[in-house]
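The structure appears right after this line, and notes come after that.
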Amino acid sequence: MPPTANTNAKRSRSRRARGSINAAGILSGAFEFCRDTPVDQLSMPRLAAFLDVGVTSIYWYYKNKRDLLDAMTEEALAAFYESMPPLRAGGWEDMLRGFFDDCYTALAADDLTCDLIARRIGGATRQAAVTTWPRAAELLDGLREAGFPPSLAWHAFVTLAAYTRGFLLTEQPTEAPPGSGRRPAVAAAAAAPTPATPATQVTATPATAAVTQTAALASELEPSRPIAGPPEEFAFGITNIILGLRSLLPQEAHDREVA
């Protein structure tokens, strides 16, 4: 699991012996390096100097920076998936809101993890989401049990995942305020488009269109959240997407809720 502690302290390192570093050591060192330095400033020579190894030692395991970043992303993604708490009890609205509140809270607490994986939450396809993220599979199953047709359950998941990603990436400053101790976000990550796939091209669904319903209805769904939870603006958007989803549910699902 990637290290989570930020540190600005000077590190004293003894020169490594030739061949003493491996892929896991390089990966761990890359996470440590990027705790204080934006990912877009990572380079193989800078990392080699940080680790006190020859740059060829890094290229032996990672052929280029993209290869190393992919490995960092996979590591961070696996740790994030494992860190997600169980689904919250209650109806489908509380379950959905709780799931994406937890996503936001976990990623907002760790700038580096957010930089690496925010645009990949949920996977590119339904199969990728359910096979790599058991909690997502549980959420989709819970929505289907609540009366969501499979296609609407998936659209709900993708729409809320896209909303959460966008909120996180636009919320992070590209430059840290002086003396804040906050590591700057990666501007390139926020600007780069997500690769287009049939599964991700669903943000313009009836669910997202319904977000424009009157905001007065949102008050009845607005949750009471702990102070440390997501900001009110995030919660407001989640609430309005849930309102749109409610209007798209088949009548039998509404009847089930009343019963």
Side-chain angles (χ1 to χ4, degrees), residues 1-6 23-24 26-28 30-32 34-35 39 62 66-90 92 94-146 148 150 153-169 171-172 183 185-186 189-190 192 194-195 197-200 202-203 225-226 228-230 234 238 241:
M1 186 167 175
T4 56
N6 286 319
I26 294 169
L27 194 60
S28 177
F31 274 105
E32 189 180 355
C34 290
R35 287 293 166 196
V39 177
Y62 299 100
R66 181 73 265 162
D67 195 27
L68 177 59
L69 286 177
D70 286 345
M72 292 176 69
T73 299
E74 291 304 320
E75 179 94 357
L77 201 57
F80 167 74
Y81 286 163
E82 291 173 8
S83 73
M84 282 289 288
L87 294 180
R88 300 184 190 178
W92 67 266
D94 292 333
M95 182 174 58
L96 260 182
R97 180 183 290 107
F99 182 90
F100 287 100
D101 277 358
D102 290 339
C103 282
Y104 174 92
T105 301
L107 291 174
D110 189 329
D111 293 342
L112 176 55
T113 298
C114 185
D115 289 347
L116 288 169
I117 73 172
R119 289 180 295 120
R120 293 188 53 182
I121 297 172
T125 66
R126 186 181 321 186
Q127 188 61 33
V130 300
T131 56
T132 61
W133 196 358
R135 195 71 71 227
E138 292 173 21
L139 178 67
L140 291 169
D141 287 342
L143 292 175
R144 286 192 290 268
E145 289 171 10
F148 278 67
W154 176 244
H155 286 327
F157 177 78
V158 171
T159 299
L160 283 161
Y163 171 76
T164 303
R165 289 196 303 266
F167 197 97
L168 283 161
L169 290 172
E171 185 184 47
Q172 284 191 305
R183 194 182 59 78
V186 182
T194 303
T197 67
T200 55
V202 296
T203 51
R225 304 182 337 275
F234 178 81
I238 293 288
I241 293 173

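- The closest side-chain heavy-atom distance from Phe99 to Met84 is below 4.5 Å.
- Interatomic distance, CG of Leu143 versus CG of Leu96, reported as 5.0 Å (0.5 Å rounding).
- Rounding to the nearest 0.5 Å gives a distance of 11.0 Å between CD1 of Ile238 and OH of Tyr104.
- Nearest heavy-atom pair, Ala76 versus Ile117, reported as atom, atom and distance to 0.1 Å: CB-CG2, 3.8 Å.
- Without hydrogens or angle criteria, Thr105 side chain to Asp102 main chain gives no donor-acceptor distance under 3.5 Å.
- Atom CG in Leu139 sits 9.5 Å away from atom CZ in Arg144 (nearest 0.5 Å).
- Contact record, Ala153 with Leu140: O-CD2, 3.5 Å, taken as the closest heavy-atom pair.
- Contact annotation: the side chain of Val158 never approaches that of His155 to less than 4.5 Å [non-hydrogen atoms, C-beta and beyond].
- A donor-acceptor contact shorter than 3.5 Å is absent between the side chain of Ser28 and the backbone of Ala24.
- Side-chain contact between Phe148 and Trp154 is absent, with no heavy atoms from C-beta onward closer than 4.5 Å.
- With a 4.5 Å cut-off on side-chain heavy atoms, Arg88 and Asp94 do not count as touching.
- Classification of Arg135 and Glu138 as a salt-bridged pair holds, one side-chain N sitting under 4.0 Å from a carboxylate O.
- In this structure, Asp101 and Phe234 have side chains that are in contact, with non-hydrogen atoms separated by less than 4.5 Å.
- No side-chain heavy atom of Glu75 sits less than 4.5 Å from a side-chain heavy atom of Leu116.
- Atoms CZ and CG, from Phe31 and Leu112 in turn, are 6.0 Å apart once rounded to the nearest 0.5 Å.
- Inter-residue side-chain proximity for Met72 and Thr113 is flagged as unmet; no heavy-atom pair is nearer than 4.5 Å.
- Atom CG of Leu77 and atom CD of Glu74 lie 6.0 Å apart (nearest 0.5 Å).
- Ring-plane geometry between Trp133 and Tyr81 is classed as parallel, the angle between the planes falling under 30 degrees on a 0 to 90 degree scale with a further cut at 60.
- Taking OG1 of Thr164 as the start and CZ of Phe167 as the end, the distance is 9.5 Å to the nearest 0.5 Å.
- A heavy-atom distance below 4.5 Å is not found between the side chains of Leu107 and Arg165.
- Between Ala23 and Tyr62, the shortest heavy-atom contact is O-OH, 3.2 Å.
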